There are 2 protein chains.
Amino acid sequence: MEDRIEKIKQQLQSQGYKLTLQREATVRVLLENEEDHLSAEDVFMLVKDKAPEIGLATVYRTLELLTELHVVEKMNFGDGVARYDLRNDSAHHHHHHLICVQCGALDEIMEDWLEPLEIRVTEEFGFTVLDHRLDFQGICRRCNEKNKAQQPPQEESK
Amino acid sequence: MEDRIEKIKQQLQSQGYKLTLQREATVRVLLENEEDHLSAEDVFMLVKDKAPEIGLATVYRTLELLTELHVVEKMNFGDGVARYDLRNDSAHHHHHHLICVQCGALDEIMEDWLEPLEIRVTEEFGFTVLDHRLDFQGICRRCNEKNKAQQPPQEESK
DNA sequence: CTAAGTGCAAAGGCTTTGCATTTCT
DNA sequence: AGAAATGCAAAGCCTTTGCACTTAG
């Protein structure tokens with residue numbers, strides 16, 4: 001944990017960036033919530049516990065900086081909010097998402113299923129893959145079961 | 001072409017929606033630009049040729065309606081603008097994207113490479129797949145060649 | 001000391017909404 | 001006729017930016 005912070009610190013410093021209290025607090029929040037996909041607003045609220053004076057703009061600026069340094073990955077699930085994930089740049093962190101359109105649950109597949117496809121992309125398209133995103137939209141197990149139990153209406157509510 | 005418009009018309013009517021000039025014009029624009037990923041603004045500008053009085057709000061409302069009816073697919077490439085694609089709901093239209101991070105080119109793979117993975121998702125996660133999205137980010141063939149020709153600088157421009 | 005970073009508030013995009021008016025069925 | 005749809009402008013989000021002040025190195 002501390003060593004990972006240390007590493008990110010050095011990454012910042014080696015690029016000539018300063019190590020401010022706000023930046024460290026932000027990185028800590030990201031580390032402590034590695035499993036989640038936090039929005040800037042989420043990070044802001046969490047980071048205020050550690051650095052109450054921090055402003056939302058600084059959080060945005062820090063997340064942008066970390067994205068440039070490839071420390072975090074900026075993601076977009078189509079709900080209009082950017083979400084940020086710490087990158088495990090050791091192994092390809094590349095997880096895939098299962099997004100339930102009924103209840104909104106977001107599940108993850110932690111394995112990387114795409115290696116073979118990346119090879120195909122490279123060979124057939126001359127395209128060098130740096131990153132990828134695979135999302136499935138559908139009905140999650142829980143909703144599937146719920147629906148089976150109580151025969152659902154034909155029409156969607158909206 | 002006309003038959004596809006007819007089909008969408010009927011789809012609208014069968015759900016009790018009215019067939020306005022604006023909606024038809026919007027659908028035509030989408031049909032005529034099927035290969036592109038138009039933003040609402042793009043659609044708006046194109047549709048103004050056919051229906052000059054139309055307002056941007058109507059375009060948004062129409063695109064939202066068509067999304068609900070699964071006539072179009074709303075997409076998000078992370079640049080903060082929603083883009084809309086007509087869905088070929090006959091065959092799984094599901095194309096994948098190759099996004100070049102250097103020049104911004106957006107190429108497509110028109111085949112569906114994910115059938116086997118969908119089966120796995122269903123079996124291993126009890127998740128019913130309705131749709132999916134697969135994007136690769138990286139360097140396109142053209143940029144790769146350009147880079148090889150003129151040994152590129154070590155640092156990115158920004 | 002001085003350039004980089006911060007906080008605040010204002011400004012920017014894209015998208016949605018309220019409301020009076022128009023239009024389809 | 002009556003409900004649905006439209007256009008316009010205003011309002012709503014999330015995000016970025018300008019600027020004076022603070023701080024890390």
Side-chain angles (χ1 to χ4, degrees), chain A residues 5-6 8-27 29 37-48 50-69 71-84 158, chain B residues 5-6 8-27 29 37-48 50-69 71-84 158:
Chain A
I5 292 191
E6 207 47 48
I8 295 169
K9 277 189 180 180
Q10 283 170 18
Q11 215 169 334
L12 278 166
Q13 286 186 306
S14 73
Q15 308 269 326
Y17 295 108
K18 290 185 182 171
L19 237 54
T20 64
L21 225 141
Q22 291 92 330
R23 284 182 183 163
E24 174 162 349
T26 304
V27 169
V29 163
H37 308 288
L38 301 177
S39 67
E41 193 76 38
D42 295 336
V43 173
F44 178 53
M45 295 198 315
L46 290 167
V47 93
K48 275 214 277 203
K50 300 179 196 297
E53 16 41 80
I54 201 171
L56 181 53
T58 300
V59 171
Y60 273 105
R61 284 187 280 231
T62 302
L63 290 172
E64 194 197 336
L65 174 60
L66 294 175
T67 302
E68 268 171 36
L69 295 181
V71 171
V72 307
E73 185 179 1
K74 184 177 182 178
M75 304 191 291
N76 216 301
F77 290 113
D79 59 348
V81 226
R83 298 177 180 282
Y84 301 83
K158 191 167 178 186
Chain B
I5 291 191
E6 207 47 49
I8 294 170
K9 276 189 183 181
Q10 284 169 18
Q11 214 168 334
L12 276 166
Q13 286 185 307
S14 72
Q15 309 270 327
Y17 294 108
K18 292 184 179 170
L19 236 56
T20 64
L21 226 140
Q22 292 90 332
R23 284 181 183 166
E24 173 162 349
T26 304
V27 170
V29 163
H37 309 287
L38 301 177
S39 67
E41 191 78 37
D42 295 337
V43 173
F44 178 54
M45 297 200 311
L46 289 166
V47 94
K48 276 213 277 201
K50 300 179 196 300
E53 14 43 78
I54 201 171
L56 182 53
T58 300
V59 172
Y60 272 105
R61 283 188 280 234
T62 302
L63 290 172
E64 193 196 335
L65 175 61
L66 294 175
T67 302
E68 267 171 36
L69 295 181
V71 170
V72 306
E73 183 179 3
K74 184 177 182 179
M75 304 191 289
N76 217 302
F77 291 113
D79 58 349
V81 223
R83 298 176 180 283
Y84 300 84
K158 190 168 179 187

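All values below were derived from every heavy atom in this structure, side-chain atoms included, with hydrogens, water molecules and symmetry-related copies excluded. Keep in mind the model is a prediction, meaning the values are calculated, not measured. Every chain is numbered from 1, with letters handed out A, B, ... down the list of sequences.
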*Asks:* When you check the phosphate oxygens OP1 and OP2 of C:dG7, does a side-chain N or O of A:Q22 lie under 4.0 Å from one of them?
*Replies:* yes

*Asks:* Any chance you could lay out the side-chain contact (heavy atoms from CB on, under 4.5 Å) test for A:V71 and A:V27, step after step, and finish with the verdict?
*Replies:* CA-CA 9 Å; A:V71 171; A:V27 169; 5.9 Å; no

*Asks:* Can you tell me the distance, in whole Å, between the CZ atom of B:F44 and the P atom of C:dT16?
*Replies:* 15 Å

*Asks:* For chain A and DNA chain D, what are the first and last nucleotides along the strand, 5' to 3', with at least one atom under 4.0 angstrom from a heavy atom of the protein chain?
*Replies:* D:dC14 to D:dG25

*Asks:* For a side-chain contact (heavy atoms from CB on, under 4.5 Å) with B:V72, tell me which candidate from B:L65, B:T67, B:T62 qualifies.
*Replies:* B:T67

*Asks:* Side-chain contact, heavy-atom cut-off 4.5 Å: B:E41 with B:L56?
*Replies:* yes

*Asks:* Nearest 0.5 Å please: distance from the NZ atom of B:K74 over to the CG atom of B:L63.
*Replies:* 9.0 Å

*Asks:* Hey, does B:R23 have a side-chain heavy atom less than 4.5 Å from the side chain of B:K9?
*Replies:* no

*Asks:* Check the distance between C:dA4's P and A:R23's CZ and give it to me in whole angstrom.
*Replies:* 11 Å

*Asks:* Contact between A:L66 and A:Y84 at the side-chain level, heavy atoms closer than 4.5 Å - yes or no?
*Replies:* no

*Asks:* Name the nucleic acid region contacted by A:E53, choosing base, sugar-phosphate or nothing; use a 4.0 angstrom heavy-atom cut-off, strictly under.
*Replies:* sugar-phosphate

*Asks:* At 4.0 Å (heavy atoms only), tell me whether A:Q13 reaches a base, stays on the sugar-phosphate, or touches nothing.
*Replies:* sugar-phosphate

*Asks:* Does a side-chain N or O from A:T20 land closer than 4.0 Å to OP1 or OP2 of C:dA4, or not?
*Replies:* no

*Asks:* Using heavy-atom distances to pick each residue's nearest nucleotide on DNA chain C, tell me which of B:D79 and A:I54 is more 5'.
*Replies:* A:I54

*Asks:* Once you round it to whole Å, what is the distance between C1' of C:dC14 and CZ of B:R83?
*Replies:* 12 Å

*Asks:* Could you give the NZ-to-P distance, from A:K18 to C:dA3, as a whole number of Å?
*Replies:* 10 Å

*Asks:* Is A:R61 near enough to C:dG5 that one of its side-chain N or O atoms lies under 4.0 angstrom from OP1 or OP2?
*Replies:* no

*Asks:* Provide, to the nearest angstrom, the distance between the CG atom belonging to A:L12 and the P atom belonging to C:dA4.
*Replies:* 15 Å

*Asks:* For A:L21, report the nucleic acid contact type (base, sugar-phosphate, nothing); a contact means any heavy atom under 4.0 Å.
*Replies:* nothing

*Asks:* Can you tell which of B:V43, B:L21, B:T20, B:L46 makes a side-chain contact (heavy atoms from CB on, under 4.5 Å) with B:T26?
*Replies:* B:V43

*Asks:* Whole-Å distance between C:dA10 P and A:L56 CG?
*Replies:* 15 Å

